[in-house]
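Following: one structure in structure tokens, then a few remarks.
We name chains A, B, ... by the order of the sequence lines, and we start the count at 1 in each one.
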Number of protein chains: 2
Amino acid sequence: MGATKTEHFTGKQNAIAGLAKALGHPARVAIIEYLIKVDACICGDIVNELPLAQPTVSQHLKELKNAGLIKGEVEGNAICYCIDEKAIEKLQNYFGNISARLTKKKSTCC
Amino acid sequence: MGATKTEHFTGKQNAIAGLAKALGHPARVAIIEYLIKVDACICGDIVNELPLAQPTVSQHLKELKNAGLIKGEVEGNAICYCIDEKAIEKLQNYFGNISARLTKKKSTCC
DNA sequence: ATTTAATATTGCAATATTACGATAAAGATT
DNA sequence: AATCTTTATCGTAATATTGCAATATTAAAT
């Protein structure tokens with residue numbers, strides 16, 4: 001059929017998949033990196049930073065926001081976007097945990 | 001239109017996006033978690049662990065392999081899958097780095 | 001050599017994503 | 001009020017993903 005069978009997986013699995021999916025496009029990775037680079041909320045220039053048309057960028061921002069990776073607030077006639085640290089922390093913890101488990105129990109098989 | 005404009009982004013951005021995309025589906029997250037849980041290469045039972053048909057699971061495994069998240073070796077009439085630690089490390093480093101940068105420079109804006 | 005077991009591939013339908021032109025909405029500027 | 005600037009939404013085309021039945025492949029077991 002084509003639709004993801006979300007209901008068959010745990011909430012945590014869907015949560016991680018949701019965050020990962022949002023970062024599963026180079027434009028969205030680039031947006032996150034730009035937000036970090038300038039170390040501020042961005043009111044403007046995101047569109048100029050990316051090799052994509054304005055509606056496309058707007059759509060990517062929307063997806064990042066829906067996934068909880070960024071927050072956006074209206075600031076005059078611009079909109080102020082920043083990274084939501086909680087989401088990044090979740091990812092960091094998740095992969096840190098996996099990494100720790102992998103090095104600890106080193107299975108000999110492969 | 002409709003195809004991702006990969007060529008407009010850096011190799012690193014595409015690399016992270018590729019790994020993230022592979023984890024952007026709960027079934028693939030579940031596969032990774034199962035591989036960690038049993039702490040071994042899995043020759044068999046992955047299909048039984050997931051609420052999906054065998055061809056679908058096979059396809060997800062293929063994608064994880066293409067993305068470099070798992071390695072697979074033929075082992076008799078079964079195939080032995082294990083996590084590729086390097087990929088997990090890349091993700092851990094990436095998000096660790098972002099997290100560090102965020103807490104260090106704490107911007108006051110949002 | 002046949003059968004069995006495990007995994008992969010093919011083909012296809014349903015759905016989702018990506019991208020952008022056109023247009024709308026909303027606050028700032030004149 | 002008219003205009004400019006910035007961001008969002010709509011509509012639509014191109015492409016990708018998801019899922020599975022049917023079938024193929026491959027190696028072990030009989």
Side chains of [X] and [Y]: closer than 4.5 Å at any heavy-atom pair?
X	Y	answer
B:L23	B:L19	no
A:V29	B:F9	no
B:E49	B:V57	no

**Message:** Using a 4.0 Å heavy-atom cut-off, does B:K65 contact any base of the nucleic acid, only the sugar-phosphate backbone, or nothing at all?
**Reply:**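 It contacts nothing in the nucleic acid.
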**B:L61 versus B:Y81, closest heavy-atom pair with distance** =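 Of all heavy-atom pairs spanning B:L61 and B:Y81, the closest is CD1-CE1, 3.6 Å.
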**Item:** Closest heavy-atom pair and its distance - B:E89, A:S99
**Value:**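 That would be CG-OG, 4.4 Å.
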Just the rounded figure in Å: distance from [atom2] of [N] to [atom1] of [X].
X	N	atom1	atom2	value
B:N48	C:dT7	CG	P	9 Å
B:E73	C:dA6	CD	C1'	17 Å
A:L23	C:dT17	CG	P	15 Å
A:L64	C:dT18	CG	C1'	14 Å
B:I79	D:dA27	CD1	C1'	11 Å
A:H25	D:dA16	NE2	C1'	11 Å

**Message:** Does anything in residues 50-62 of chain B come within less than 4.0 Å of DNA chain C? Heavy atoms only, and list the residues if so.
**Reply:**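 Residues of residues 50-62 of chain B that come under 4.0 Å of DNA chain C are, in numerical order, B:Q54, B:P55, B:S58, B:K62.
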**Request:** Indicate the ring-plane relationship of A:H60 and A:H25, choosing parallel, tilted or perpendicular according to the 30° and 60° boundaries.
**Result:**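 Taking A:H25 first and then A:H60, their aromatic rings sit tilted (interplane angle of 30° to 60°).
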**Request:** State whether A:Y81 places a side-chain N or O below 4.0 Å from either non-bridging phosphate oxygen (OP1 or OP2) of D:dA8.
**Result:**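 Checking D:dA8 against A:Y81, a side-chain N or O does come within under 4.0 Å of OP1 or OP2.
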**Message:** Is B:K21 close enough to D:dT17 that one of its side-chain N or O atoms is under 4.0 Å from OP1 or OP2 there?
**Reply:**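 Looking at the OP1 and OP2 atoms of D:dT17, one of them is under 4.0 Å from a side-chain N or O of B:K21.
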